[in-house]
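Notes to accompany the following structure.
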Amino acid sequence: MPQTILTPVHHELIIKKSRFISCVQPMPDRAGAQKIVAGLKAAHPGAAHVCWALLAGGQSAAVDDGEPSGTAGRPMLDVLRHQDLEGVLATVVRYFGGVKLGAGGLVRAYTDSVAQALLGAQKIAIIRQRHLRCDAPYPLEGLIRRELDTAGATLDAVQHADAVSFAFHLPDDKAAALIARLSEAGNGRIHWRAENDDPQADSA
């Protein structure tokens with residue numbers, strides 16, 4: 001099951017006089033990651049490189065920031081993938097110590113920087129949520145509310161018009177059973193509308 005991390009974690013390595021200051025933190029998208037990286041560059045004007053990797057679905061990225069191609073961002077991203085993480089940004093600020101590490105040394109340095117930071121990270125499972133919407137006659141409102149509560153669903157919105165409209169979400173693996181129970185209890189009077197999936201982190 002994919003996981004994310006709860007809070008930012010920092011770590012620092014000294015390798016042949018170069019400082020590698022790493023951080024791993026939860027991050028849902030590339031725009032947010034770029035803001036963090038810009039802030040790091042402003043905070044570390046004397047750094048030689050600010051490399052980063054983001055694992056966030058279609059917005060994933062691996063940036064070497066001037067290091068030889070494939071020696072920084074890609075190894076950092078590989079660490080995140082190897083640990084089955086999602087929605088996580090890894091950054092490494094490097095202060096050059098005057099001794100070149102070579103391509104292999106750089107790959108190891110950036111890999112170790114992220115891996116060591118992740119050792120201190122608190123990980124939480126990502127449980128895919130299903131968002132559902134339905135309309136029902138007023139007499140069924142109490143029944144639906146009870147079933148949602150029993151299933152552990154989170155009620156997002158309720159609207160009262162000609163019928164009662166519910167918008168809610170719950171773990172994807174519980175959705176089918178809830179739909180079946182409500183459809184049976186409502187004798188065809190509950191009408192389901194379009195739904196969509198959304199991954200959310202949950203510590204369960």
Would Val164 and Leu140 count as a side-chain contact (heavy atoms from CB on, under 4.5 Å) here? Give the steps. CA-CA 9 Å; Val164 186; Leu140 293 179; over 6 Å; no
Do the side chain of Asp64 and the main chain of Gly70 share a donor and acceptor less than 3.5 angstrom apart? yes
Say whether, by atom type as modelled, one donor and one acceptor occur between the side chain of Glu86 and the main chain of Gly57 under 3.5 angstrom. yes
Under 3.5 Å donor-acceptor pairs involving side-chain atoms of residues 175-183, not counting sequence neighbours:
| unit_1 | atom_1 | unit_2 | atom_2 | d |
| --- | --- | --- | --- | --- |
| Arg181 | NE | Glu147 | OE1 | 3.0 |
| Ser183 | OG | Ile179 | O | 2.8 |
| Ser183 | OG | Trp192 | NE1 | 3.1 |

Under the 3.5 angstrom rule, does the side chain of Asp65 hit a backbone N or O of Val50 as a donor-acceptor pair? yes
Are the side chain of Gln59 and the backbone N or O of Arg30 linked by a donor-acceptor pair below 3.5 Å? yes
Same cluster (ILVMFWY, side-chain, under 4.5 Å), Leu40 and Leu54: yes
Answer yes or no: is there a donor N or O on one side and an acceptor on the other, between the side chain of Ser22 and the main chain of Val92, under 3.5 Å? no
Look at atom CD of Glu12 and say whether more than 12 heavy atoms of other residues, nucleotides or ligands are closer to it than 6.0 Å. yes
Interatomic distance, Cys51 atom SG to Leu106 atom CG [nearest 0.5 angstrom]: 8.5 Å
At their closest point, which heavy atom of Leu155 faces which heavy atom of Val158, and how far apart are they? CD2-CG2, 3.5 Å
Check whether more than 12 heavy atoms from other residues, nucleotides or ligands sit under 6.0 Å from atom CG of Asp162, and answer yes or no. no
Please say which of Leu55, Leu89, Ile5, Val88 ends up in a side-chain contact (heavy atoms from CB on, under 4.5 Å) with Met27. Leu89
Quick check: Tyr138 with His160 (ring centres under 6.0 Å apart)? yes
Hey, does His44 have a side-chain heavy atom less than 4.5 Å from the side chain of Ile21? yes
Closest heavy-atom contact between Met76 and Ala53? CB-CB, 3.7 Å
Taking Arg19 for the side chain and Phe96 for the main chain, is one N or O donor matched with an acceptor at less than 3.5 Å? no
